[in-house]
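Remarks on the structure that follows.
Quick caveat, the model's predicted, so the values are computed rather than measured.
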Amino acid sequence: KKLSVTTPVALGGGNPSIPGTPTVLSKTFEVKNLTSIPLSKLKWSKTALVSGANTLPVSAFSFLPAGPFNVSSNGTKATSASMTIPMHQLPGSYSGLQTIYEDENNNGAIDAGEASATFALSVSVNTFSRVEILPSIADLGDVKPGESTLPFDLTINNIGNVDIASLDT
């Protein structure tokens, strides 16, 4: 039993998600059964993506079909990887080794003798400077030239992935 995956699976690059606007990246690729034995219990084993000391959690990406799924003998299955870049995800080039395997005994683990293929999954998270000011609209009433309004509060939220401590207010 032998599997292969079109590699590498590079999702490209994008900005972190912001409230109401998720950043979703996806890439199609193929899983190939290189033997004459049909495989019917294929599953994914995911690991976090890493960029230096920073990680991108497995909860941020998924594979389709989710599994278990099958690939006929000497067959090919179109699959895809999809990722939503989390809000505030630090910039960097993230990568990690992922595995597709035939879970013959349904124990959720890769065992000796089970067909498997390991491949690199990668994504680049851009440096992203963005603030959100709330409220976005403030009704100050009727104000004549030269008059002042009553004081009101604004909230400034960092919705990017870089430090804004030096932001001039």
Side-chain angles (χ1 to χ4, degrees), residues 1-132 157-164:
K1 296 179 189 179
K2 192 169 181 183
L3 285 168
S4 73
V5 174
T6 310
T7 61
V9 179
L11 294 171
N15 294 329
S17 298
I18 59 173
T21 309
T23 299
V24 180
L25 304 173
S26 62
K27 173 80 173 178
T28 58
F29 60 101
E30 294 181 337
V31 172
K32 295 180 183 178
N33 179 354
L34 302 175
T35 65
S36 59
I37 301 168
L39 302 174
S40 61
K41 298 177 181 178
L42 291 171
K43 293 182 180 178
W44 305 100
S45 176
K46 301 186 331 180
T47 61
L49 305 186
V50 177
S51 177
N54 303 317
T55 61
L56 220 159
V58 296
S59 60
F61 62 94
S62 61
F63 296 109
L64 290 176
F69 64 96
N70 61 33
V71 178
S72 62
S73 58
N74 296 306
T76 300
K77 176 74 94 175
T79 60
S80 66
S82 178
M83 173 179 293
T84 301
I85 301 176
M87 190 170 163
H88 305 296
Q89 185 67 45
L90 293 173
S93 295
Y94 292 81
S95 64
L97 294 179
Q98 313 303 314
T99 304
I100 178 80
Y101 68 102
E102 172 78 347
D103 193 10
E104 291 179 32
N105 58 7
N106 292 316
N107 69 348
I110 304 167
D111 298 314
E114 292 179 334
S116 66
T118 300
F119 60 97
L121 178 67
S122 64
V123 66
S124 180
V125 177
N126 300 332
T127 298
F128 186 60
S129 303
R130 176 76 56 101
V131 296
E132 171 186 64
N157 295 315
N158 181 357
I159 59 171
N161 64 359
V162 295
D163 184 17
I164 61 169

Can you tell me how far [atom2] of [Y] sits from [atom1] of [X], rounded to the nearest 0.5 angstrom?
{"X": "L121", "Y": "K46", "atom1": "CG", "atom2": "NZ", "value": "9.5 Å"}
{"X": "N158", "Y": "M87", "atom1": "CG", "atom2": "CE", "value": "8.0 Å"}
{"X": "E30", "Y": "S80", "atom1": "CD", "atom2": "OG", "value": "12.5 Å"}
{"X": "K77", "Y": "L42", "atom1": "NZ", "atom2": "CG", "value": "9.0 Å"}
{"X": "Y94", "Y": "T55", "atom1": "OH", "atom2": "OG1", "value": "7.5 Å"}
{"X": "L11", "Y": "I85", "atom1": "CG", "atom2": "CD1", "value": "8.5 Å"}

Which residue pairs pass the salt bridge (Lys or Arg N to Asp or Glu O under 4.0 Å) test when at least one of the two sits in residues 95-122, sequence neighbours left out?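 Qualifying pairs, neighbours excluded: K1-E104, K43-D103.
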Please report the closest heavy-atom contact between [X] and [Y], naming both atoms and the distance.
{"X": "V5", "Y": "V31", "answer": "CG2-CG2, 4.3 Å"}
{"X": "T47", "Y": "Q98", "answer": "N-OE1, 2.8 Å"}
{"X": "S4", "Y": "L34", "answer": "CB-CD1, 3.8 Å"}
{"X": "P86", "Y": "L56", "answer": "CD-CD2, 3.8 Å"}
{"X": "N15", "Y": "T23", "answer": "O-OG1, 2.9 Å"}
{"X": "S45", "Y": "Y101", "answer": "CB-CE2, 4.0 Å"}

Please check if any side-chain donor atom of N33 sits under 3.5 Å from a side-chain acceptor atom of T35, or the reverse.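 Yes, T35 and N33 have a side-chain donor paired with an acceptor closer than 3.5 Å.
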Please say which of S122, S51, P8 ends up in a side chain to side chain contact (heavy atoms under 4.5 Å, CB included) with S95.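 For S95, the side chain to side chain contact (heavy atoms under 4.5 Å, CB included) test succeeds with only one of S122, S51, P8, which is S122.
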May I ask you to test the [X]-[Y] pair for a side-chain heavy-atom distance under 4.5 Å?
{"X": "N70", "Y": "P38", "result": "no"}
{"X": "V125", "Y": "P16", "result": "yes"}
{"X": "N161", "Y": "Q89", "result": "no"}
{"X": "S82", "Y": "L64", "result": "no"}

Between the main-chain N or O of K32 and the side-chain N or O of T76, is there a donor-acceptor pair closer than 3.5 Å?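 Not confirmed, T76 side chain does not pair with K32 backbone.
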Mark yes or no for whether N107, through its side chain, and A109, through its backbone, hold a donor-acceptor pair below 3.5 Å.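 Side chain of N107 to backbone of A109, a donor-acceptor pair under 3.5 Å: yes, one is there.
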Looking at residues at least two apart in the chain, or sitting in another chain, which of them share a side-chain hydrogen bond (donor to acceptor under 3.5 Å, both in side chains) with T118?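 Result, side-chain hydrogen bond (donor to acceptor under 3.5 Å, both in side chains) vs T118: T99.
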More than 12 foreign heavy atoms under 6.0 Å from NZ of K41: is that the case here?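 Count over threshold, so yes.
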What residues form a ring-ring contact (aromatic ring centres under 6.0 Å, His included) with F63, not counting sequence neighbours?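 Counting only residues at least two positions away or on another chain, F63 forms a ring-ring contact (aromatic ring centres under 6.0 Å, His included) with W44, F61, F119.
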